[in-house]
Amino acid sequence: MSHEDFPTEQHAVVTCGLPYANGDLHVGHLRTYVGGDVFARALRKLGQRTAFVSGSDMHGTPVAVNAEKEGVDPETFALRWHEKYEETFPRFRVEFDNYGHTHDETNAELTREIVRTLDERGYVYEKDIMVAYDPEEDQYLPDRYVEGTCPYCGAKARGDECDEGCQRHLEPGEVVDPVSTITGNPAEYRERTHKFFRVSELQEYLQGFIDRLEGTANARNQPREWIEGELQDWCITRDMDWGIDYPEGSVAPEEQRDGDGDSAERSSADHSSGRSPREETVDGEDDLVLYVWVDAPIEYVSSTKQYTERVGSDVYDWEAVWKGEDVSESDADSGARPTPSGGEIVHVIGRDIIQHHTVFWPAMLRAAGYNEPRAVMASGFVTLGGKGFSTSRNRAVWADEYLDEGFDPDLLRYYIATNGGFQQDVDFSWEKFQERVNGELVGTVGNFVYRSLLFAHRNYEGAPAGVEGVSDGVRERIEGAVADFGEAVNDYSVREAGGAAVRLAQFGNEYIQRNEPWKLVDDEPEAAARVIYDCVQIAKAVAVLFEPIAPGACERLWEDLNEDGSVHEVGLDAALEPPAERFDEPTELFEKIPDERVEELNEKLEARVAEATAADEEGDEAEDAEATANDEEAGTDDLEPLADQRISFEEFQALDLRVGEILDAEGIEGADKLAKLTVDIGLEERQIVAGIKQLHDLDELVGERVIVVANLERAELFGVESNGMLLAAGEQADVLTTRGDAVPGTKVR
RNA sequence: AGCGGGAUGGGAUAGCCAGGAGAUUCCGCCGGGCUCAUAACCCGGAGAUCGGUAGUUCAAAUCUACCUCCCGCUACCA
């Protein structure tokens with residue numbers, strides 16, 4: 001192991017992947033934040049000085065697009081979500097020392113500073129690239145404003161990644177046959193000058209880095225393919241208004257801020273025209289904004305900085321943590337490991353953003369002279385009934401929803417933190433939730449501390465006096481649990497950190513059961529007192545060890561134990577310090593979840609998912625209706641231009657068009673739009689797949705005359721063979737039919 | 001079809017990265033105990049040749065190759 005075990009002398013910072021200010025939080029998101037919170041608390045228990053920070057990710061095209069849809073400016077839109085998150089996290093006892101956002105001044109300033117450093121050190125160069133551009137709307141189309149075909153695998157791809165095919169990250173200008181996602185217009189490529197970060201020069205460094213990176217295995221393995229293959233330089237600018245301006249040396253920061261304000265005003269006044277990407281100005285002045293993945297991770301640093309600004313650098317020094325000893329310019333791209341003088345940086349993220357944290361981000365840090373992350377913990381996803389969450393279909397358990405049901409946040413924390421390995425996907429169901437709460441939290445932990453403290457209170461009004469201290473066996477057992485806890489933290493296993501406490505409580509139950517103090521009280525009062533003293537000690541240790549997972553419950557337990565101070569602040573030593581000799585009747589730490597409750601929750605969930613799916617469909621229809629209306633009003637404006645290219649009569653004759661009659665029509669399961677049709681085309685019956693499921697009452701189509709391209713190559717869609725193509729007009733799939741009574745099979749010409 | 005993740009007693013999970021006592025924990029099942037405790041708790045038991053095949057090794061759930069099956073995301077106007 002190339003790193004010292006926790007706790008170390010250095011300060012640590014634990015960060016959580018920034019939530020993207022674009023929608024509600026659900027239990028899946030919470031997995032990462034709870035994981036980070038548990039880990040940060042656990043580090044503190046070990047005695048490691050730790051800052052726990054995060055912030056909202058405000059920039060990027062999806063925010064801009066969705067703000068436009070709502071007719072507000074991106075800042076207003078993103079801030080609204082930011083405030084929501086800021087308020088939600090503490091309700092799950094995810095307590096950041098600082099929670100900022102990427103659009104605040106601290107981050108804007110630090111981002112410009114870091115980028116300027118990269119620039120000065122020669123890590124940035126300019127390159128003219130072809131950028132997708134919508135000539136009709138006169139705007140550039142960065143990232144998700146454009147989609148087209150992946151140049152590597154041929155699948156349909158978004159502008160920034162081949163999300164449906166090979167999963168490759170796509171650089172601007174790479175996507176083939178680009179189309180604007182805003183207008184649907186085919187886009188053309190125009191040459192623009194952009195900034196590139198020489199990631200390729202840091203390849204040797206990154207190879208060393210990935211080998212010494214700690215955390216979960218997936219974070220270390222997934223980026224290998226990139227780091228050990230050929231690293232591409234990274235385009236770090238975009239043609240947009242929304243974001244942090246590229247820090248041109250000649251432009252003073254103040255002016256840039258003004259620029260931001262301007263753009264916000266402009267886009268809010270201008271939203272109806274639906275444009276937010278940078279419009280080219282008359283003089284063609286480059287108004288480049290930094291790519292969102294540049295300023296987003298810098299927020300980790302900015303947020304730490306804000307924390308220091310609040311508490312003072314004598315309490316926590318962000319610069320010592322993040323900067324440490326700067327690597328000299330000439331050394332940066334060597335594989336040499338930086339002097340380990342900085343802090344322990346631990347990133348807790350979802351497994352979908354591993355590459356950003358193990359390639360681009362450490363490269364930036366290194367090149368700018370910052371300290372490298374010690375560990376990346378990448379969590380698996382949360383599934384629902386074995387299937388993935390689908391926010392669009394409302395197939396999810398939302399954070400608010402959970403709280404509204406009145407459940408203690410600790411229950412969910414326990415469930416998602418310990419139900420499986422951190423990098424493993426965990427399944428959520430109310431049944432399993434109930435099982436673990438009732439069995440482990442109530443039956444094992446809650447029951448043990450309650451029976452112990454109640455017995456102690458009734459017979460001794462607290463921990464029995466006159467006992468010399470814990471018995472050796474129990475002491476060893478507690479020490480063992482403390483050791484397990486420490487090991488778990490060093491293994492980055494939040495699951496095991498929780499397990500140590502639960503197993504200790506389990507031991508407590510065995511211990512009290514074996515010694516039966518209730519039988520001893522009368523005949524052997526001293527023996528009884530010793531047993532109960534031991535039990536109270538175990539309960540106290542449980543409070544200390546379980547605090548990272550269940551901070552609320554442990555706070556109550558700490559009070560029940562009549563302990564001074566805060567259970568959140570005590571270290572592991574407290575586990576073996578003598579318990580109080582006086583305390584009141586204890587409370588029940590956790591409550592059982594009755595079966596009826598689970599049934600009710602399941603019904604609710606199912607009903608909502610069904611309803612939302614239906615509403616989704618209606619929504620689509622409404623949108624479609626709107627689109628139709630627009631089509632009519634818009635007249636010729638929205639029509640595709642006529643093809644310039646003329647074809648020969650022979651080429652036309654190559655099409656075998658036939659009249660057909662629909663004999664049967666049914667939807668294809670799993671597909672939103674595809675329908676399977678059986679069509680009689682005179683000489684034979686054909687099975688044809690057509691994308692008309694939502695646009696037609698399928699039953700009404702039966703008997704309808706249609707025009708079919710009979711000699712189109714066969715294709716398979718959703719595993720269903722399509723042997724021909726049904727002709728239809730426009731977005732609404734207005735199906736072509738015959739005016740007279742041409743019989744099926746008649747050739748069309 | 002592509003990418004990713006899995007396959008361990010009835011169900012759910014750990015262990016595999018750093019091979020070595022026929023294997024963890026939870027739920028369920030069977031039998032017993034206890035009554036301090038939120039019908040909680042404790043003890044004992046049945047039950048897996050760790051997906052298949054072939055290798056490497058003195059030794060493989062753990063390493064290598066191939067295969068099968070499952071799941072997730074994608075798949076959509078042919």
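Residue numbers start from 1 in every chain, and the chains themselves are labelled A, B, ... in the order their sequence lines are given, proteins ahead of strands. As the structure is a computational prediction, the values presented were derived from the model and not from experiment. These numbers come from the heavy atoms of this one structure, side chains and all, not from hydrogens, waters or symmetry mates.
- Using a 4.0 Å heavy-atom cutoff across all strands shown, A:F590 reaches at least one base atom of the nucleic acid.
- The backbone N or O of A:V346 lies less than 3.5 Å from no partner atom in the side chain of A:R374, so there is not a single donor-acceptor pair.
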Polar atom pairs between nucleotides 39-41 of chain B and protein, under 3.5 Å, N or O only, would you list them?
{"unit_1": "B:A40", "atom_1": "OP1", "unit_2": "A:K592", "atom_2": "NZ", "d": "2.8"}
{"unit_1": "B:A40", "atom_1": "O5'", "unit_2": "A:K592", "atom_2": "NZ", "d": "3.3"}
{"unit_1": "B:A40", "atom_1": "O2'", "unit_2": "A:N447", "atom_2": "OD1", "d": "3.2"}
{"unit_1": "B:A40", "atom_1": "O2'", "unit_2": "A:N447", "atom_2": "ND2", "d": "3.2"}
{"unit_1": "B:C41", "atom_1": "O2'", "unit_2": "A:R451", "atom_2": "NH1", "d": "2.8"}
{"unit_1": "B:C41", "atom_1": "O2'", "unit_2": "A:Q513", "atom_2": "OE1", "d": "3.1"}
{"unit_1": "B:C41", "atom_1": "O2", "unit_2": "A:Q513", "atom_2": "OE1", "d": "3.1"}

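- Side-chain N/O atoms of A:T587 and A:D560 include a donor and acceptor closer than 3.5 Å.
- Here A:D408 pairs with A:R556 in a salt bridge; the nearest charged N to carboxylate O distance falls below 4.0 Å.
- An aromatic stack links A:W518 and the base of B:C36, using centre distance under 5.5 Å and interplanar angle under 30°.
- Taking for each of A:Q423 and A:S452 the nucleotide of RNA chain B with the nearest heavy atom, the 5'-most of the two is the partner of A:Q423.
- For the OP1/OP2 pair of B:A37 and a distance below 4.0 Å, the side-chain nitrogens and oxygens of A:Y450 include no atom meeting the criterion.
- Judged by a 6.0 Å distance limit and a 45° cone about the ring axis, A:R351 is positioned over the six-membered ring of A:F381.
- A:G421 comes within 4.0 angstrom of the backbone, heavy atoms only, and of no base.
- For the residue pair A:E214 and A:N490, no side-chain donor N or O sits within less than 3.5 Å of a side-chain acceptor on the partner.
- Nucleic acid contact for A:R458: sugar-phosphate only, since backbone atoms but no base atoms lie under 4.0 Å from a heavy atom of the residue.
- At a threshold of 4.0 angstrom between heavy atoms, the contacts of A:Q424 are confined to the sugar-phosphate backbone, with no base atom among them.
- For the pair A:R503 and A:E588, nearest-nucleotide mapping onto RNA chain B gives the more 5' position to A:R503.
- A:R436 comes within contact range of no nucleotide atom at all, as no heavy-atom separation falls under 4.0 Å.
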Point to revise | Derivation of the side chain to side chain contact (heavy atoms under 4.5 Å, CB included) call for A:M377 and A:V494 | key: CA-CA 10 Å; A:M377 296 169 64; A:V494 295; 4.3 Å; yes

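- Remark: side-chain polar atoms of A:H29 are paired, donor with acceptor, to backbone N or O of A:H26 under 3.5 angstrom.
- Under the Watson-Crick and G-U wobble criteria, each requiring two contacts below 3.5 Å, nucleotide B:U56 is left unpaired.
- Within 4.0 Å of A:I532, counting heavy atoms only, lies no atom of the nucleic acid at all.
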